[in-house]
Amino acid sequence: MSGTFGKGHHLHLIDGSAFIFRAYHALPPLTRKSDGMPIGAVAGFCNMLHRYVEGNTGPDAPTHVAVIFDKGSHTFRNEMYDLYKANREAMPEDLRPQIPLTRIATEAFNIACKEKEGFEADDIIATLAVQARDRGGRCTIISSDKDLMQLVGDGVEMLDAMKNNRIDREGVFEKFGVYPERVVDVQALAGDSVDNVPGAPGIGIKTAALLINEYGDLHSLLERAEEIKQPKRRQTLIEHAEQIRLSRRLVLLDENTPLDFTLDDLEVRDPDPDRLLGFLAEMEFRTLSRRVAEVLGREAPVIAEPAALPEIAAEADVPFDSTAYEQVSDAAALQRWIDRIYEFGHVAVDTETTGLDEMIAELVGISLAVEPGRACYIPLTHKQSRGDDLFGSDDLAEGQMATEEALRMLTPMLKDPAILKIGQNMKYDGKIFAQLGITMTPIDDTMLMSYAMHAGLHGHGMDTLSERYLGHTPIPIKPLLGSGKSAVTFDKVPLSDAVAYAAEDADITLRLWQKFKPQLHVAQVTRVYETLERPLVPVLAAMERSGVKVDRDTLSRMSNAFAQKMAMLEEEIHTLAGRKFNVGSPKQLGEILFDEMALEGGKKGKTGAYATGADVLEDLATEHELPRKILDWRQISKLKSTYTDALQDHINPDTGRVHTCYSIAGASTGRLASTDPNLQNIPIRTEEGRRIRAAFVAEPGKTLVALDYSQIELRILAHMAEIPALKEAFEQGQDIHAMTASEMFDVPMAEMTPEIRRRAKAINFGVIYGISGFGLARNLRIPRGEAQGFIDRYFERFPSIRTYMNDTKTFAKEHGFVQTLFGRKIHTPEISAKGPRAGFAQRAAINAPIQGTAADIIRRAMVRMPAAIADLPATMLLQVHDELLFEVENGAEEALIEVARDVMESAADPVVKLDVRLVVEAGRGANWAEAH
DNA sequence: GACATCACG
DNA sequence: GACGTACGTGATGTCC
């Protein structure tokens, strides 16, 4: 479409600076390979532009488009107010040189690129949006900057490109409580800490909207300020009237920016392929070049790999070639591989099986690799596939060794202490071999090496690691196995495909190992890997294989009882609601409560649905019967579906026990995670829930013993933050929350009330979690100001906590990670992000050393435990963060408790000398509930 | 597959 | 340039 911009035209205005900052913070600090120039933000920017262009199809596609940038730091707003944007942090050093490149990138995409000295992008956007509107066209502003919301309406909308979220007049109202034309008034009152717009002190968006809606507009409000009832508010508005008027001028966008181009100059143009691909090649964006070339129907430009140091290049650059892998079909070939393994002294091993549950899965084949590019697959039980046989056949495929023979040949090597077996997630392969009576040792695990070096940076699965550290995307398993109903197990995969896939996994593992092994030392995490990760593998494998006995009858009876109770509640709920609906649907429930029944307090979340969480319903329960019934129903529904029903399905038919799987490298802090089923969240806090815990039982003649660390995180906090009062209280065995309460609220210990203690307890936990006034207020259901008062007082009484928090944040900003007392690193890549994400990252950074140190301590205890209890008729079954559960023959309970408690209490020794001693509490019983 | 909810430490 | 507000998890159901 061409001609003069008008009706039927659609203008897109992209907030270029927003794109840049998003790109910068979304990506790690990438550099151009050939010369090390930082190009992360440019890469992200180009990716975003490319995605944007590709997404512009259909009737909504723009006819005109421009990317608008800020230019110069000094604008007419600084003339009005010299502190405007004064508290903004300086642009990061590695971002500055990238800014001009983003202009060139925009032009390379053949998109108009506009800026004007002395004006902010927002003003240019405002001017263009108003022009477009006046000419009867549409305009979409691609930005999430709330300053731009004043422009929305009459064909002007905003679009958050990341969330694909359109904001119209109603959207603005949701955000500001007023429609676009009054947004500046609200902003003038509320101010903006980011841009350093002063506003009216103590007035936020909520109050501002309230006032504006009551008085119509800012002018009237200030004129009639005397009429405001609240004395403090009245005084604020009268005193700061001038400042508020100034703020309004600051946030009001200039819709008359003089421009040296017109809307018609912004018509959408196709990119010039040579120019665009040339630019991308110059930047050395390999992936994006390929994608763009594909779209343009061109050959992808060849981007030369920079000449690396020759000896490294020789080692690292063996290309992946899935056709070069060997299929081992007979004893002679296998023997050649075994000989080769002895020559090298190490081998990467990977097993292929019929499933992910190692307790049930059967071995299908084994792959081996000794050096990059040199790998094989030994298929064992692949089935012959015949085209005419829909049901599959049990005939073994040709070209496979008998499993027994292969294992007989491999076992000495797998057990040989002189041969290092390398794997990716060796717990899995170790358990598969353990099922066959083979104990693999010694081992190395690339997943755990990555975890020790990169926790917090990214996941540690093979695909992630291969892409990140080898630049190679592994063959995906999906197309081989299929999905959904038609999914097959690996033994049905044709041999040629299986060899390529399976051998590649061993090849990748070996290459990762070569890369990671020397880096452990450089990253100074060798001790973490050697003492907290690697030795835990066989310990966890044994625990998982042991499993825990769960009484099916108890669960089954409870399921039935729950089903009846739920049906009853459901009927009552429908009666109270006046109609039938799906009680399990928060969406329908929200509509019933807040639309149909018109209860107060309905708050919509970002997806536009009412929040109906337990805290909301709890508040409503004082006014109406329905919310309480819903809460009851939800509790039972949760217990039934997640526990009494699901747990039964997890009982292994062979062992009659439940075998969880622990992920060692799941949680960034060093904690374990438990899956399939999760046995770390078995109910305990309610009476009903404890009955589920009681279904976890000991075998006849045995007893369950639970040992748990008492207040381990607070003890670690006392040590790390060096809090004398806290240390002393622990030393004297005092009630720690009561002591805190006594210190804070000046209440003698003898006069402590449960309520005061409860508050102190919440604050103690808050500190561990990186406290905020908002969070504490919500937790204690008290006003935010009061909560802030508590926190201030806490810091006053225990000043070293503030020091610890500040030091931790500073350390994280400087190094990009925080550390536990044992040297575990937890990376905090978002610590220098701006806005809310920084808050998250900071709190996580404060929490991670504490939670992580506790995790390290129990890991150390677990590693030492098997040897310590070897002579006792006892088995370690479960770990729940600060608790270990054992099953022990009757009569040996005391002996076990004595030994295990000692191991746990001294687990930090000798590496870390804690100022606070660790205390372990023990319990025992026929079931897990009793053992507490 | 995203989101809301809720179970645990 | 600011998406939200206590840390860390996993499982389930609804809804698109």
Side-chain angles (χ1 to χ4, degrees), chain A residues 15 17-22 24-25 70 85 88-89 121-122 143-148 160 162-163 165 175 192-195 582-590 605-607 609-617 631 634-635 637-643 645-646 660 663 666-686 689 692-693 708-709 712-713 762-763 765-779 784 787 791 826 833-840 842-848 850-852 854-855 858 879-883:
Chain A
D15 182 348
S17 305
F19 258 44
I20 294 174
F21 277 96
R22 258 197 181 140
Y24 178 74
H25 288 298
D70 294 312
K85 295 202 173 180
R88 179 150 307 174
E89 274 182 50
D122 289 0
S143 170
S144 53
D145 185 351
K146 51 184 180 4
D147 293 340
L148 291 166
D160 186 334
M162 290 292 111
K163 293 194 203 152
N165 189 12
K175 181 107 195 160
D192 183 350
S193 58
V194 178
D195 289 348
N582 185 346
V583 184
S585 163
K587 186 163 166 275
Q588 294 179 30
L589 174 65
K606 52 183 160 191
T607 52
Y610 287 113
T612 69
D615 49 344
V616 177
L617 295 185
L631 284 167
R634 282 214 185 136
Q635 195 199 3
S637 160
K638 178 83 174 184
L639 295 179
K640 181 171 186 294
S641 67
T642 311
Y643 300 105
D645 286 353
T660 186
S663 16
S668 59
T669 54
R671 271 194 178 179
L672 302 179
S674 159
T675 60
D676 306 302
N678 182 353
L679 294 186
Q680 292 182 320
N681 70 348
I682 300 302
I684 191 169
R685 290 173 190 173
T686 66
I692 291 171
R693 203 166 266 242
D708 65 281
Y709 284 106
I712 187 165
E713 292 194 350
I763 300 168
F765 277 108
V767 169
I768 292 174
Y769 297 153
I771 202 158
S772 79
F774 191 97
L776 184 65
R778 212 181 51 163
N779 189 285
R784 194 174 164 173
I791 295 170
I826 297 111
K834 301 285 168 298
R837 287 159 64 162
F840 275 114
Q842 286 176 12
R843 291 192 295 271
I846 288 166
N847 174 259
I850 304 169
Q851 190 184 112
I858 198 164
Q879 188 250 45
V880 192
H881 309 308
D882 63 358
E883 169 188 353

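All values below were derived from every heavy atom in this structure, side-chain atoms included, with hydrogens, water molecules and symmetry-related copies excluded. Chain letters run A, B, ... following the sequence lines, proteins first and then strands; every chain starts at 1.
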**OP:** Let me know the distance between CG of Asp676(A) and P of dA7(B), rounded to the nearest Å.
**Re:** 20 Å
Subject >> Candidates dG4(C), dG10(C), dA4(B) - which lies nearest the side chain of Pro836(A) >> reply: dG4(C)
Original post:
Base, sugar-phosphate alone, or nothing: which one does Asn779(A) contact when heavy atoms must sit under 4.0 Å apart?
Top reply: base
**OP:** Mind checking Ala646(A) for me? I need base, sugar-phosphate or nothing, with any heavy atom below 4.0 Å counting as a touch.
**Re:** sugar-phosphate
**OP:** With heavy atoms under 4.0 Å as the rule, sort Ser17(A) into base, sugar-phosphate or nothing.
**Re:** nothing
Subject >> Flag side-chain contact, heavy atom, 4.5 Å: Val880(A) against Ile682(A) >> reply: no
Subject >> Rounded distance in Å between the P positions of dA6(C) and dT5(B) >> reply: 14 Å
Subject >> Ser144(A) side-chain N/O to Asp160(A) backbone N/O, donor-acceptor pair under 3.5 Å >> reply: no
Subject >> Leu589(A) and Arg634(A), any side-chain heavy atoms less than 4.5 Å apart >> reply: yes
Subject >> Presence of donor-acceptor pair under 3.5 Å, side chain of Arg843(A) and base of dG8(C) >> reply: no
Subject >> Among dC8(B), dG8(C), dG13(C), the nucleotide that comes nearest once only the side chain of Ser641(A) is considered >> reply: dG13(C)
**OP:** Remember a base hit wins even if backbone is also touched, and classify Gly613(A) as base, sugar-phosphate or nothing at under 4.0 Å, heavy atoms.
**Re:** sugar-phosphate
Original post:
How far, in whole Å, is dA7(B) from dT5(C) if one measures between their C1' atoms?
Top reply: 22 Å
**OP:** Have a look at Ala611(A) and say if it touches a base, only the backbone sugar-phosphate, or nothing, with a 4.0 Å heavy-atom cut-off.
**Re:** sugar-phosphate
**OP:** Have a look at Ser674(A) and say if it touches a base, only the backbone sugar-phosphate, or nothing, with a 4.0 Å heavy-atom cut-off.
**Re:** sugar-phosphate
Original post:
Which of the following nucleotides, dG8(C), dA6(C), dA7(B), is nearest to the side chain of Leu776(A)?
Top reply: dA6(C)
**OP:** Would you mind reading off the distance between Arg784(A) atom CZ and dG4(C) atom C1', rounded to a whole angstrom?
**Re:** 11 Å
Subject >> Any Thr642(A) side-chain N or O less than 4.0 Å from OP1/OP2 of dC6(B) >> reply: no
Original post:
Once you round it to whole Å, what is the distance between P of dC8(B) and OH of Tyr643(A)?
Top reply: 6 Å
Original post:
Looking across every strand, which nucleic acid part, if any, lies under 4.0 Å from Glu713(A) by heavy atom: base, sugar-phosphate, or nothing?
Top reply: nothing
**OP:** Nearest whole angstrom, please: distance from the P of dA4(B) to the CG of Leu617(A).
**Re:** 15 Å
Subject >> Gap between atoms CD1 and C1', on Ile858(A) and dC8(B) respectively (whole Å) >> reply: 14 Å
Subject >> Given dA6(C), dT5(B), dG1(C), the nucleotide with the shortest approach to the side chain of Tyr769(A) >> reply: dA6(C)
Original post:
Hey, is the side chain of Ser585(A) poking within less than 4.0 Å of OP1 or OP2 on dC15(C), counting only N and O atoms?
Top reply: yes
Original post:
Side-chain contact, heavy-atom cut-off 4.5 Å: Arg778(A) with Arg784(A)?
Top reply: no
**OP:** Determine the contact category for Gly584(A): base if any of its heavy atoms lies under 4.0 Å from a base atom, sugar-phosphate if only primed atoms, P, OP1 or OP2 are that close, otherwise nothing.
**Re:** sugar-phosphate
**OP:** Looking at every strand, decide which applies to Ile771(A) at a 4.0 Å heavy-atom threshold: base, sugar-phosphate, or nothing.
**Re:** base
Original post:
On a plain distance test, is the side chain of Lys638(A) in donor-acceptor contact with the base of dC6(B) below 3.5 Å?
Top reply: yes
Subject >> base_contact_polar (dC8(B) base, Gln680(A) side chain, donor-acceptor, <3.5 Å) >> reply: no
**OP:** Return yes if some donor-acceptor pair links the side-chain N/O of Thr660(A) with the main-chain N/O of Thr675(A) below 3.5 Å, else return no.
**Re:** yes
Subject >> Glu883(A) CD to dG9(B) C1', straight-line distance once rounded to whole Å >> reply: 10 Å
Original post:
Looking only at heavy atoms, what is the nearest atom pair of Pro586(A) and Gly584(A), with distance?
Top reply: CD-O, 3.2 Å
Original post:
How is Ala838(A) classified with respect to the nucleic acid when contacts are heavy atoms under 4.0 Å: base, sugar-phosphate, or nothing?
Top reply: nothing
**OP:** May I ask you to evaluate whether Ser772(A) reaches the phosphate of dC7(C), defined as a side-chain N or O under 4.0 Å from OP1 or OP2?
**Re:** no
**OP:** Give Ser668(A) one of three labels, base, sugar-phosphate or nothing, depending on what nucleic acid heavy atoms sit under 4.0 Å from its own.
**Re:** sugar-phosphate
Subject >> Selection from dG10(C), dG8(C), dG9(B) that lies nearest to any side-chain heavy atom of Asp882(A) >> reply: dG9(B)
Original post:
To the nearest Å, how far apart are Asp15(A) CG and dG1(C) C1'?
Top reply: 8 Å
**OP:** With the side chain of Asn681(A) defined as its heavy atoms from C-beta on, choose the nearest nucleotide among dC3(C), dC7(C), dA7(B).
**Re:** dA7(B)
Original post:
Quick one: is Asn582(A) getting a side-chain N or O under 4.0 Å of the dT14(C) phosphate, OP1 or OP2?
Top reply: yes
**OP:** Assess Arg22(A) against Tyr24(A): is NZ or CZ under 6.0 Å from the centre of the six-membered ring, and within 45 degrees of the ring's axis?
**Re:** no
Subject >> Pairing partner (Watson-Crick or G-U wobble, both distances under 3.5 angstrom) of dC3(C) >> reply: none
**OP:** Could you tell me whether Ile850(A) contacts a base, only the sugar-phosphate backbone, or nothing, with contacts defined as non-hydrogen atoms closer than 4.0 Å?
**Re:** nothing
**OP:** Would you tell me if any nitrogen or oxygen in the side chain of Arg685(A) comes within less than 4.0 Å of OP1 or OP2 on dC8(B)?
**Re:** yes
**OP:** Look at the side chain of Arg837(A) and the base of dG4(C), then say whether one donor and one acceptor between them are separated by less than 3.5 Å.
**Re:** no
**OP:** Indicate, with a heavy-atom threshold strictly under 4.0 Å, whether Asp70(A) touches base, sugar-phosphate, or nothing.
**Re:** sugar-phosphate
Original post:
Quick one: is Gln842(A) getting a side-chain N or O under 4.0 Å of the dC7(C) phosphate, OP1 or OP2?
Top reply: no
Original post:
Can you find a side chain N or O atom of Lys587(A) that sits less than 4.0 Å from OP1 or OP2 on dC16(C)?
Top reply: yes
**OP:** When you get a sec, tell me which of dG10(C), dC3(C), dC7(C) is the closest nucleotide to the side chain of Ser663(A)?
**Re:** dG10(C)
**OP:** Report the residue (Leu672(A) or Ala762(A)) whose heavy-atom-nearest nucleotide on DNA chain C is the more 5′ of the two.
**Re:** Ala762(A)
**OP:** From the options dG8(C), dC8(B), dG1(C), select the nucleotide whose nearest atom is closest to the side chain of Asp145(A).
**Re:** dG1(C)
Original post:
Between Asn681(A) and Tyr643(A), is a side chain to side chain contact (heavy atoms under 4.5 Å, CB included) present by the stated rule, with each step listed?
Top reply: CA-CA 10 Å; Asn681(A) 70 348; Tyr643(A) 300 105; 3.3 Å; yes
**OP:** With the side chain of Ala673(A) defined as its heavy atoms from C-beta on, choose the nearest nucleotide among dG8(C), dA6(C), dT9(C).
**Re:** dT9(C)
Subject >> Asp192(A) and Asp147(A), any side-chain heavy atoms less than 4.5 Å apart >> reply: yes
**OP:** Between Asp195(A) and Phe774(A), just flag the one whose closest nucleotide in DNA chain C comes earlier from the 5' side.
**Re:** Asp195(A)
Subject >> Ile846(A) CD1 to dT5(C) P, straight-line distance once rounded to whole Å >> reply: 18 Å
Original post:
Heavy-atom distance under 4.5 Å between the side chains of Asp882(A) and Glu713(A), does that happen here?
Top reply: no
**OP:** Among the candidates dG8(C), dC15(C), dT12(C), find the nucleotide nearest to the side-chain atoms of Gln588(A).
**Re:** dC15(C)
Subject >> Side-chain N or O of Lys175(A) closer than 4.0 Å to phosphate OP1/OP2 of dC3(C) >> reply: yes
**OP:** Look at all strands and tell whether Ala614(A) reaches a base, only sugar-phosphate, or nothing, counting heavy atoms closer than 4.0 Å.
**Re:** sugar-phosphate
